[in-house]
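Below is one structure; the comments refer to it alone.
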Amino acid sequence: MKNIQMVDLKSQYQKIKPAVDKAISEVLESAQFINGPEVKSFQTEMEAYLAVKHVIPCANGTDALQIALMALGLQPGDEVITTSFTFIATTEVIALLGLKPIFVDVDLDTFCIDATKIEAAVTDKTKAIVPVHLYGQAANMEEILLVAKKHNLVVVEDNAQAIGSNYHCVDGDQKTGTLGDIGCTSFFPSKNLGCYGDGGAIFTNNDELAAKMRMIVNHGQSKRYYHDLVGVNSRLDSIQAAVLRIKLRELDNYIAARRKVADYYDSFFAPFDGIKTPMRGTQSSHVFHQYTLTLEGIDRDALNQYLAEKGIPSMIYYPVPAHKQKMFSSFGSAETILPITDWLGERVLSLPIHTEMDEEQLSHICNGIAEFMKVNA
Ligand SMILES: *Cc1c(COP(=O)(O)O)cnc(C)c1O
């Protein structure tokens, strides 16, 4: 049996190696490493895939979030409503810009911000909402957009884990990350659409915001050496763009392969008391960036350890929720009461899921968990 990994980028690469190697060597021959034609082509292809007006490539997903927030012209002390149950980048950039993260609890079934609890957190300082489509499934965007409209708030979607997911709107499907004012994603290698280094992108249908963000990623200039805004240097390089063009063509196949793994897990765990498999909501399709169990009455950490001893990796995303991280101690956010976030934080366990898994590996993982359940019954 092939070694089991959380993600297997090596095997995935083997399948697209001829195309990738050719594309990379063409970039090397062209010597246009920055802002080359590959970046422009990737941008156009991504716009078509997402059916969005503007894609702005940048250096990574964290930058994407930071640039999005910079474009909103917020003032220090302004409040941004978000979730604590996320990768730290989402909330870190809020604090970095001198803004105040306001943590709202998550929904028990989707792991995403509980849209019904947002309005109670709105104050006269609230300027934006940053929902995170965690593990590959969207937050309740209809509800979030309604609250945002009512209170004149901007919505920035953190779509780093849900690229390719379809949100079922009344007038048809729309890609997640294109529903709010701005969407952000990461092309970190292990993401569903990952490059071979760092990369990220910002999406918007708003021409004005797009123009501003294109300036911000490039030192605040629209004309060379004339700097109108304080910006940053955040670029997607041509080699990464060349890799992404190839992988974007595979993205829907990759998502289908992940869903097959999820289907296998779903049916295996269905009879187990105490193992809750990820709910697939009716609002958006699940792209299974992670396959995350919620374990009730089962010693999660002992299972994690037991599997590790059998060479089966499993991960806790994330062991400490953002509001309890020391970096936010000045906000006193640790005192915020987020019962669902805390409850889930002690019970979630993510299993290996990627595009290259076979039945032998899946059955080995499932049997490992079944054995643990038997021993600890
Ligand atoms: C990966 C990720 C990011 C950050 O992306 P980087 O490219 O690593 O900077 C932000 N938010 C979420 C939810 C992520 O999963």
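Throughout, residue positions are numbered sequentially from 1 according to the sequence presented. Start at 1 and go down the list; that is how both ligands and their atoms are numbered.
Interface atoms of ligand 1 facing V132, defined by a heavy-atom separation under 4.0 Å, are 13 (C). Heavy-atom proximity to T90, at under 4.0 Å, picks out these atoms of ligand 1: 11 (N). Taking every non-hydrogen atom of A89 and a distance limit under 4.0 Å, the qualifying atoms of ligand 1 come out as 4 (C), 10 (C).
Of the polar atoms of D63, none of the N or O atoms is found under 3.5 Å from an N or O of ligand 1, judged by distance alone. Inclusion of D198 in the set of residues having an N or O under 3.5 Å from an N or O of ligand 1 is not warranted. At least one N or O atom of T62 sits closer than 3.5 Å to an N or O atom of ligand 1. The N/O atoms of Y318, backbone and side chain alike, include none that comes under 3.5 Å of an N/O atom in ligand 1. The shortest N/O to N/O separation between G61 and ligand 1 falls below 3.5 Å.
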Where do T185 and N159 land on the side chain to side chain donor-acceptor pair (under 3.5 Å) test, with the steps shown first? CA-CA 5 Å; T185 205; N159 199 39; 4.9 Å; no
Using the rule given for side-chain contact (heavy atoms from CB on, under 4.5 Å), can you reason through L349 versus I316, listing the C-alpha separation, both sets of side-chain angles and the distance that settles it, and then say yes or no? CA-CA 5 Å; L349 189 68; I316 296 154; 4.0 Å; yes
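With a 4.0 Å heavy-atom cut-off, ligand 1 is reached by the backbone of N60 and by its side chain too.
Ring-centre distance between F111 and Y317: not below the 6.0 Å cut-off.
Under a hydrophobic-cluster definition in which Ile, Leu, Val, Met, Phe, Trp and Tyr are linked whenever side-chain heavy atoms come within less than 4.5 Å, directly or via other members, L307 and L362 are assigned to the same cluster.
Close to ligand 1: K191, with a non-hydrogen atom less than 4.0 angstrom away.
In this structure, M70 CE and I216 CD1 are separated by 5.0 Å, a value rounded to the nearest 0.5 Å. Remark: M213 CE to I56 CD1 distance equals 4.0 Å, nearest 0.5 Å.
For the residue pair H354 and Q5, no side-chain donor N or O sits within less than 3.5 Å of a side-chain acceptor on the partner.
The two residues S222 and D228 have their closest heavy-atom pair at OG-OD2, 4.2 Å.
Distances from atom 13 (C) of ligand 1 to the heavy atoms of T83, D158, T185 put D158 nearest. When S186, A64, S190 are ranked by how near their heavy atoms come to atom 8 (O) of ligand 1, first place goes to S186.
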